[in-house]
2 protein chains.
Amino acid sequence: MTTTSAHSGGPSPAPGSPAWWLARPAAPDTARRGRGRPALDAARIVATALRLIDEHGVDAFSLRMLADTLGSSTATLYRHFANKDEIITLVVDLALGEVDTASAASSGGWQDVLAAMGHGLRAALLRHPDLLPALIAHVPLGPNALAQRERVLAALLDAGLPPELAARAFTAVGHYVIGFAVQQREPDGPPLADFYRRLDPSTHPAISGTAHSLTSVATDDEFVFGLNLLLDGLTRQTAP
Amino acid sequence: MTTTSAHSGGPSPAPGSPAWWLARPAAPDTARRGRGRPALDAARIVATALRLIDEHGVDAFSLRMLADTLGSSTATLYRHFANKDEIITLVVDLALGEVDTASAASSGGWQDVLAAMGHGLRAALLRHPDLLPALIAHVPLGPNALAQRERVLAALLDAGLPPELAARAFTAVGHYVIGFAVQQREPDGPPLADFYRRLDPSTHPAISGTAHSLTSVATDDEFVFGLNLLLDGLTRQTAP
DNA sequence: ACCTGAACACCGTTCAAGT
DNA sequence: ACCTGAACACCGTTCAAGT
């Protein structure tokens, strides 16, 4: 990598390069400030963005809205991030940081770690439903995503799972939770059940007949049941 | 619904109302035209939009681009559709129409119908990878999506599956394919494997150790293997 | 009756000009 | 050295004016 800046104050790798934040010094602006109101550091920007997305939806979220809320200007945001996509990526990563896999990793078996990941990710998606499309758009590679990945994979490898199975178990749980979250998404307009019920039963008899089953809100019990099925299947793979 | 137009030429339900296209007369503009170049009917607009999204990506796709390609103007698009979201919804639906579940429904058992749905949906997503986020954003309710749903559910019910299991089987296969498609998505930038390989092995030993497994491109065999696992599990549920 | 140029109110992004 | 008003090139959407 060619280093263009000789001074040591700013972020070292250029924003925009992949995962530049890994090497970024933590909260550089706050270090040299007094105890006035908090500085406009990257963490505060991203936390505010997450709050605005939760409140107004990801479509209504704009950099002008973010800058106004922070009492700053849009141009200033570009001093911290390469573009809007990077902010969204870090917002997703902030939400992934809410998933607690550390306690299970230190105390339980590998199934417990995967269960904690599943439950924690599901809870995070329920708290921040607007993040689902962004979570799916790219494989999450922010610092929290990497830390979670590392922690869970380490637990699986430490328990003796072969690398291939460990990798598959990690992605399988992730996909299960995402699939469940997609299923639970309701359209913005009228409820899905109403839509199915209004379909002509003569042209759509099968949908009409299963409308209740198709739209019955997936409960926590159903989530746990499916997750346990998955974990059982994985356990069976370890001792055939 | 309040009907504001007394003439019988235009689309009957107002664009924008949920699933208005179900009652829309097929290609109304082309009916009264000669054999000149094809009219600017809804089907041609949506087909062109799909082509543009495939070629330029969903982010670069704009209504101006669409209107220019059609030799029309953006305002004219609003005579056919309520807004851009509706066009995207119908583009997704057009792609779902490429999934052939009809042949299996007329000849095979219910497992064959689910397998055809799985393979067809996967093929459609490989042809149109940019549609994945849009497919996940809302439960697909376009005409083709409903037809597929009806056809597959009817096959399952006809085979004697209870409605709850039929509904679950349908969504399970859908989620499996979507999960697989998400997994196969590569970032726009450098390959994921390179990113993992460049991570510091001392801070991320588990990821480094499983980098190959995490990024090995999922092959067709892997897809079939997982899909069959799913179908076997469902079959076991029918005769316990 | 149908279509559209031009406008409107935004958007992400950039940069010359401020302090 | 850091910040930002104002501009730039767009965007989705609307509507008065054309034919």
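Order of the sequence lines fixes the chain letters, A, B, ..., with proteins taken first and strands second; residue numbering starts at 1 for each chain.
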Gap between atoms CD1 and C1', on Ile45(A) and dC3(D) respectively (whole Å): 13 Å
Test item: Thr69(B) side-chain N/O and Met65(B) main-chain N/O as donor-acceptor pair under 3.5 Å: yes
Length of the line joining Leu77(B):CG and dG5(C):C1', which is rounded to integer Å: 15 Å
Do any N or O atoms of the protein come closer than 3.5 Å to N or O atoms of nucleotides 12-16 of chain C, and which pairs are they?
unit_1: dG12(C); atom_1: OP1; unit_2: Lys84(A); atom_2: NZ; d: 2.6
unit_1: dG12(C); atom_1: OP2; unit_2: Leu63(A); atom_2: N; d: 3.0
unit_1: dG12(C); atom_1: N7; unit_2: Arg64(A); atom_2: NH1; d: 2.6
unit_1: dG12(C); atom_1: O6; unit_2: Arg64(A); atom_2: NH2; d: 2.9
unit_1: dT13(C); atom_1: OP2; unit_2: Tyr78(A); atom_2: OH; d: 2.5
unit_1: dT13(C); atom_1: OP2; unit_2: Lys84(A); atom_2: N; d: 2.9
unit_1: dT13(C); atom_1: O5'; unit_2: Tyr78(A); atom_2: OH; d: 2.8

Bracket string, DNA chain D, 5' to 3' - pairs by Watson-Crick or G-U geometry under 3.5 Å, | interstrand: ||.|||||...|||||.||
Side chain Tyr196(B), main chain Thr210(B), donor-acceptor under 3.5 Å: no
Ser72(A) vs dT4(D): side-chain N/O to OP1/OP2 distance below 4.0 Å: yes
Partners meeting salt bridge (Lys or Arg N to Asp or Glu O under 4.0 Å) with Arg64(B) (sequence neighbours left out): none
Full working for salt bridge (charged side-chain N to carboxylate O under 4.0 Å, His left out) between Arg122(A) and Asp220(A): CA-CA 10 Å; Arg122(A) 171 168 147 86; Asp220(A) 287 349; 2.3 Å; yes
Gap between atoms CG and P, on Asp41(B) and dC2(C) respectively (whole Å): 15 Å
Residue list, side-chain hydrogen bond (donor to acceptor under 3.5 Å, both in side chains) with Thr203(B), at least two apart or on another chain: none
Residues which pass side-chain hydrogen bond (donor to acceptor under 3.5 Å, both in side chains) with Arg197(B), listed by chain and number, not counting sequence neighbours: Asp194(B)
Leu50(A), Ile53(A), Leu63(A) screened by side chain to side chain contact (heavy atoms under 4.5 Å, CB included) with Ile87(A), the one that passes: Leu63(A)
Selection residues 137-148 of chain B - residue pairs positive for salt bridge (Lys or Arg N to Asp or Glu O under 4.0 Å), sequence neighbours left out: none
Rounded distance in Å - CZ (Arg79(A)) to P (dG5(D)): 15 Å
